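Only heavy atoms go into these numbers, but all of them, side chains included; no hydrogens, no water, no symmetry mates. Just so we're clear, the structure is a prediction, and the values are computed from it rather than from any experiment. Atoms within each ligand, like the ligands themselves, are counted from 1 in listed order.
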Amino acid sequence: CSRKNTRNASLHPLWQSPLTIPGGTRQSPINIQWRDSVYDPFLKPLKISYDPTTCLHIWNNGYSFLVEFDDSTDRSIIVGGPLENQYRLKQFHFHWGAINDWGSEHTVDSKFYPAELHLVHWNAVEYPNFEEAVMEGNGLAVIGVFLKLGARHEGLQTLVDALPAVRHKDTVIEFDVFDPSCLIPSCPDYWTYAGSLTTPPLTESVTWIIKKKPIEVDEDQLEAFRTLLFTSDGEEERRMVDNFRPLQPLMNRTVRSSFH
Ligand SMILES: CCCCCNS(=O)(=O)c1cc(S(N)(=O)=O)ccc1C(=O)O
Ligand SMILES: [Zn+2]
């Protein structure tokens, strides 16, 4: 995908909040320049163990659609990789574009993918709840997975089939069994860097783990994302597209890779 200068997400109504928080030194998303990333032989493989029955519901929160999980126990966790502790799965969501030329939040060598999946986890070893973890430098760990146009993704289809039920902001549907590991590439390679939430409160509390390999989804599945609405039932409809934050300055950060 080539970078389009018509990508005016920074002017998008979604981003009333400041593009970069004043004094922010580790904001997300960023461009990952492959040749500038540094192989770290001490990075461990990321261990992912999700219990599909911890899945609760899908809801449209007016930014994206989120699949939320029961994070009251350690049944769905990640450990290893760059992480000192184990982190509990809270939710996953996506960012996507109006067209296939852009949509991801992170870029690789300035290339955009049409969409990006984020699996949000929090450090339940050191913090009592998610809200507190959101405010701490090592509070969150988000796995990022790029989506590229290709073959239909059967695991994603069960999610896509539920989207009409959450078309409007603040609608929710029960979704009681789903294993999100089917959305994560089997290739173990990832980049990792210290960053932030890409939506308010934009806190600098995220250890980002960005998978090198994308997953493939087909055009119909991307189009299904674009049928969602930012707006509530009864409001003038605004299609939920381009729900990504513009790229932020790398500043004094190094992106590490788990691979040569
Ligand atoms: C207590 C305030 C939490 C705000 C952030 N919530 S979150 O689940 O971490 C999240 C992360 C992200 S992101 N892109 O992973 O930073 C996007 C949306 C949300 C959300 O709340 O919808
Ligand atoms: Zn996100």
| How far is atom 1 (C) of ligand 1 from its nearest protein heavy atom, and which residue and atom name does that atom have? | Glu131 CG, 4.0 Å
| For atom 14 (N) of ligand 1, the protein heavy atom that lies nearest, with its residue and separation | Thr198 OG1, 2.7 Å
| remark: re atom 10 (C) of ligand 1, the protein heavy-atom contact at minimum distance is Gln91 NE2, 3.6 Å
| said: To check your reading of the model: name the closest protein heavy atom to atom 15 (O) of ligand 1, its residue, and the distance in Å. | reply: His93 CE1, 3.3 Å
| field | Electrostatic pair Asp74-Arg88, nearest N-O below 4.0 angstrom | value | yes
| request: Identify, by atom number and element, the atoms of ligand 1 in contact range of Val120, meaning under 4.0 Å from any of its heavy atoms. | output: 9 (O), 15 (O)
| request: Check whether any heavy atom of Lys90 sits under 4.0 Å from an atom of ligand 1. | output: no
| field | Closest approach of any protein heavy atom to atom 2 (C) of ligand 1, naming residue and atom | value | Pro201 CD, 4.2 Å
| said: Taking a cutoff of less than 4.0 Å between a non-hydrogen atom of the residue and any ligand atom, is Glu105 in contact with ligand 1? | reply: yes
| message | Give me the residue, atom name and distance of the protein heavy atom closest to atom 17 (C) of ligand 1. | response | Thr199 OG1, 3.3 Å
| request: Taking all non-hydrogen atoms of both residues into account, name the closest pair between Met240 and Trp96 and its distance. | output: O-NE1, 2.7 Å
| Which ligand 1 atoms, with their elements, are less than 4.0 angstrom from a heavy-atom of His95? | 14 (N)
| said: With no hydrogens and no angle check, just 3.5 Å: does a side-chain donor-acceptor pair link Glu136 and Asn123? | reply: no
| field | Metal-centred angle, ND1 of His118 through the Zn ion (ligand 2) to NE2 of His95, rounded to 10 degrees | value | 100°
| query | Identify the closest protein heavy atom to atom 11 (C) of ligand 1: which residue and atom is it, and at what distance? | reply | Leu197 CD2, 3.8 Å
| said: Within 45 degrees of the ring normal and closer than 6.0 Å to the centroid, is that where the cationic atom of Lys111 sits relative to Tyr113? | reply: yes
| Hey, is the main chain of Phe94 close enough, under 3.5 Å, to the side chain of Ser64 for a donor-acceptor pair? | yes
| message | Taking the six-membered ring of Tyr190 as reference, does the cationic atom of Lys212 (NZ for Lys, CZ for Arg) lie under 6.0 Å from its centre and within 45° of its axis? | response | no
| said: Would Asn61 count as a polar contact of ligand 1, with the cut-off being nitrogen or oxygen pairs under 3.5 Å? | reply: yes
| Side-chain heavy atoms under 4.5 angstrom apart, residues restricted to Ile, Leu, Val, Met, Phe, Trp, Tyr: same cluster for Leu89 and Ile48? | yes
| message | Whether Arg152 and Glu219 form a salt bridge (side-chain N of Lys/Arg under 4.0 Å from carboxylate O of Asp/Glu) is what I want to check. | response | no
| said: Students should be able to answer this: which protein heavy-atom is nearest to atom 9 (O) of ligand 1, and at what distance? | reply: Phe130 CZ, 3.4 Å
| field | Inter-residue atom distance Leu250.CG - Arg26.CZ, 0.5 Å rounding | value | 12.5 Å
